[in-house]
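Have a look at the structure below, then the notes.
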Amino acid sequence: MSIAITTQFICFTVLSLVVIIGALGVVLLESIVYSAFLLGGVFMSVAGLYLLLNASFVAAAQVLVYVGAVNVLIIFAIMLVNKKEDLKPINDIKSRRVISTSICLTLLSLLIRVDLTNVWSLSSPQNSIGEESTIRIGEHLFSDYLLPFEVASVLLLMAMIGAIVLARRDVMSKDISTGLPVDQELIEKSSEPLLTNKN
Amino acid sequence: MEYGLDLEYSFNEFLKGFGLSSEIAHIIWLPLPMLLVLVAAVVGVLVTVWLERKISAAAQQRIGPEYAGALGVLQPIADGLKLLVKEDIIPAKADGILFTAGPILVLVPVILSWLIVPFGQNLLISNVGIGIFLWIALSSIQPIGLLMSGYASNNKYSLLGGLRAAAQSISYEIPLALSVLAIVLMTNSLSTVDIVNQQSGAGILSWNIWRQPVGFIVFWICALAECERLPFDLPEAEEELVAGYQTEYAGMKFALFYLGSYINLILSALLVSILYLGGWGFPIPVELIAKFLNLPINAPFIQVFTASIGIVMTVLKAYLLVFIAILLRWTTPRVRIDQLLDLGWKFLLPISLANLLITAGLKLAFPQFFGG
Amino acid sequence: MNNFLQQINSYIKEAFNAGKYLYNGISVTFDHLRRRPVTVQYPYEKLIPSERYRGRIHYEFDKCIACEVCVRVCPINLPVVDWVMNKETKKKELRNYSIDFGVCIFCGNCVEYCPTNCLSMTEEYELATFDRHNLNFDNVALGRLPTNVTTDPSVKPLRELAYLPKGVMDPHEIPASDARVGKLPEEVYDWMRPESNENKDKVSNPNN
Amino acid sequence: MNLESIPLQAFLIVSSALFCIGIWGLLNSRNAVRVLMSIELMLNAVNINLMAFSSYVDNNLIQGQVFTIFVITVAAAEAAVGLAILLSLYRNRVTVDMESFNLLKW
């Protein structure tokens with residue numbers, strides 16, 4: 001084995017171990033904050049896997065969007081709703097756990113079997129475009145994937161507006177649980193805009 | 001415009017001179033760029049800290065550091081040594097793991113971003129294809145570290161500071177990326193080397209600052225906000241938040257934050273000089289100088305001149321911007337958090353979007369000036 | 001539509017103004033870079049306090065008649081005058097006198113009103129202690145003479161800006177004999193009595 | 001960098017494991033934020049799959065990478081809207097326990 005191949009192998013092993021163990025931590029850890037930070041680690045190592053796959057652009061996009069936006073959003077949300085609360089006990093939690101775990105394990109074994117038994121039609125490595133992938137992705141986005149690209153932009157706009165509308169506090173005039181009117185004064189304080197239009 | 005400076009190749013040749021195989025030479029080479037970057041970044045920080053103290057002192061009619069070395073040049077080293085030997089305190093109710101991981105997560109992406117900073121045609125660590133996009137992606141990791149240290153400190157000021165830092169960093173990343181995108185649109189490449197080469201035609205006249213004045217201003221404002229420099233230093237606003245997310249930190253962990261913020265400042269200044277001020281390019285085109293001296297362009301003198309002037313020009317431009325940042329620090333008052341977000345979302349974002357649109361239009365209309 | 005254009009116009013104007021003010025501010029900061037530093041390297045150099053400096057109060061025990069005027073005129077009744085009536089001589093006998101400089105505001109009222117001039121202001125201002133109770137000076141501590149900046153051999157005394165000769169900004173290399181700009185108090189005093197002829201000769205245009 | 005040392009199956013197995021962990025977390029989490037995180041894990045598993053196939057099977061046209069870009073876009077939108085929904089839920093119910101969101105249960 002040459003050095004490059006060994007390095008690749010070590011990188012892959014470490015990254016996939018981090019992905020699996022981190023993901024287990026995300027779902028199993030008691031503290032939700034730890035989960036969120038571990039999720040960031042999982043995203044980072046997935047980006048590392050993309051780098052191994054010769055896709056630096058997608059890796060950077062993964063870091064930018066998942067770590068920089070999604071994970072920070074999740075941590076923000078946790079900090080906003082992080083209140084110590086005692087969960088109500090559920091009677092049949094044990095059987096639920098057992099059933100869901102067995103379903104997941106079955107699915108995993110099925111998937112792995114498919115992965116291992118199926119014969120994949122691999123293409124020859126010398127066709128690989130490597131560093132040119134950024135240009136190729138751009139070509140794809142503006143030719144055969146133009147419609148999905150535009151739809152995605154509309155989707156992002158819709159999601160942005162929807163998220164703002166949902167997260168705004170003053171959409172409800174009265175409290176749902178108590179029926180009392182919500183004090184809007186505290187929420188919507190009018191502030192002097194930074195660059196005012198005095199006319 | 002190849003200046004014939006391939007560091008890795010010459011280093012490998014040098015090692016092969018000792019009878020080593022090329023693979024072993026490669027392995028010895030691998031950690032060296034990282035080491036070089038670390039040394040460069042730390043030296044840059046030392047110089048910047050000294051400059052900051054001296055220029056701040058001058059702006060306030062003080063002397064500044066004077067006793068440590070001539071003109072106090074050893075003062076930053078003394079500061080660093082002090083922080084190094086200070087007791088490393090982890091508050092009793094703090095979360096030890098996250099408390100330690102936070103500063104590391106803040107510092108490492110910043111240092112990694114130095115990979116793409118070119119000081120000359122071949123004087124950069126890795127000319128990766130995604131170039132400037134790597135920096136944008138890496139700088140988005142920082143808020144995680146800030147949130148982490150803010151949360152782990154178990155302190156209201158720290159948490160508020162961390163949340164503010166993350167909010168600020170996220171909202172200013174968008175105009176930053178958009179103004180970079182306008183440059184990339186003109187260059188047709190994300191690589192920093194290509195971006196500089198595209199500006200090297202006619203000396204100072206071909207710099208991007210003339211083609212992208214709005215983008216330059218937007219980028220500089222956003223870079224200051226990303227570095228938490230003074231008009232935008234709300235995350236560590238000492239009058240309101242003690243020191244923000246750094247409140248509970250001491251010793252070397254605090255030094256990591258300190259180092260990170262200064263490395264980030266230098267990095268931003270370097271990137272401004274690369275994106276808008278022609279990088280390693282000399283204000284007067286080298287060809288003109290060669291013509292003036294009646295020398296052919298590939299004469300050894302000109303070659304050496306261009307290679308050595310590259311680093312000097314890049315660093316000079318970067319430090320000029322650092323100087324402006326320090327002047328701004330003593331000129332502008334701190335903005336409020338709502339003003340900060342207003343400026344980011346309601347002013348810079350539309351302006352940078354319009355800038356991008358106009359750049360695209362100009363590129364179609366005048367392809368010879370705005371990149372083909 | 002017109003309104004919208006006006007809005008855009010004013011928006012651009014505001015942005016332009018913001019840039020202009022920023023430029024003005026930076027040019028002020030830049031201008032300061034050219035100015036001389038006014039730093040005094042404190043433990044090694046000290047400014048000479050001005051003549052009317054109100055520093056730590058000096059007190060002479062033997063002059064005090066324990067009249068307690070100082071206590072009455074003090075805004076916070078700070079001086080503690082500990083006396084007993086001597087029945088035989090029918091006179092006040094002063095035991096102790098103390099002022100707490102942690103509380104004193106150095107207004108100088110006590111000095112002003114003291115009938116026997118046993119209180120006076122000194123130019124001593126270095127009152128730092130490790131324990132604030134050490135600032136409660138008794139009559140012995142109050143009677144100590146202040147250390148003078150100009151006589152301390154380990155200190156380089158510096159004149160303040162107003163006491164420098166005309167046109168000089170740097171206090172470092174000024175000989176002690178150089179006259180300051182403007183008149184000294186005794187010169188002002190002489191000037192105010194032009195009829196006294198023997199003094200008039202001495203005043204030889206101090207501005208030169 | 002060519003990928004002689006690592007077979008395609010290795011990537012697929014990692015992504016399958018990640019996907020199953022995501023499903024397990026989706027089924028068993030009681031904290032709504034953790035449910036969102038599990039969904040992100042599953043999306044990432046799918047992304048690894050797409051990327052692996054794109055680089056092993058379709059390494060010239062790389063349509064998998066384009067798909068991954070779309071998935072990342074959708075995931076960002078999903079996270080934003082999901083967390084906004086979560087916030088308004090929390091504001092009304094003052095809890096993030098999935099078991100208490102049972103208004104539609106029959």
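By convention in this document, chain letters (A, B, ...) are assigned in the order of the sequence lines, proteins followed by strands, and residues within each chain are numbered from 1.
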TODO: Quick one: closest heavy-atom pair of A:V63 and B:S140, and the distance?
DONE: O-OG, 3.7 Å

Task: Structural part of A:V65 lying under 4.5 Å from a heavy atom of chain B - done: neither

Task: Spacing of B:L147 atom CG and A:I74 atom CD1 [to the nearest 0.5 Å] - done: 12.0 Å

TODO: Quick one: closest heavy-atom pair of B:I144 and A:V67, and the distance?
DONE: CD1-O, 3.6 Å

Open item on the list: Given heavy-atom pairs under 4.5 angstrom as the criterion, report whether the side chain, backbone, both or neither of B:L190 touches chain A.
Closed with: side chain

Open item on the list: Which one wins on heavy-atom pair count under 4.5 Å against chain B: A:I135, A:I75, A:V33?
Closed with: A:V33

Task: Separation of A:Y34 OH from B:L98 CG (nearest 0.5 Å) - done: 4.5 Å

Task: B:F257, CZ: over 12 other non-hydrogen atoms inside 6.0 angstrom - done: yes

TODO: Can you tell which part of B:Q142 gets under 4.5 Å to a heavy atom of chain A, answering side chain, backbone, both or neither?
DONE: neither

Task: Nearest heavy-atom neighbours spanning B:A137 and A:A60 - done: CB-O, 3.4 Å

Open item on the list: So, taking the atom named CG in A:L64 and the one named CG in B:L138, what distance separates them when rounded to the nearest 0.5 Å?
Closed with: 10.0 Å

- [ ] Go through the atoms of B:L163 and report whether side chain, backbone, both or neither lie under 4.5 Å from a heavy atom of chain A.
- [x] both

Task: Rounded distance [0.5 Å steps], CD1 in B:I97 versus CZ in A:F37 - done: 12.0 Å

- [ ] Report the option among B:D95, B:L159, B:L105 that has the most heavy-atom pairs separated by less than 4.5 Å from atoms of chain A.
- [x] B:D95

TODO: Sort B:A167 into side chain, backbone, both or neither according to what part of it lies under 4.5 angstrom from a heavy atom of chain A.
DONE: both

Task: For A:A61 against B:F133, the heavy-atom pair lying closest together - done: N-CE2, 3.8 Å

Task: Distance in Å, A:S56 OG paired with B:L134 CG, rounded so as to fall on 0.5 Å steps - done: 8.5 Å

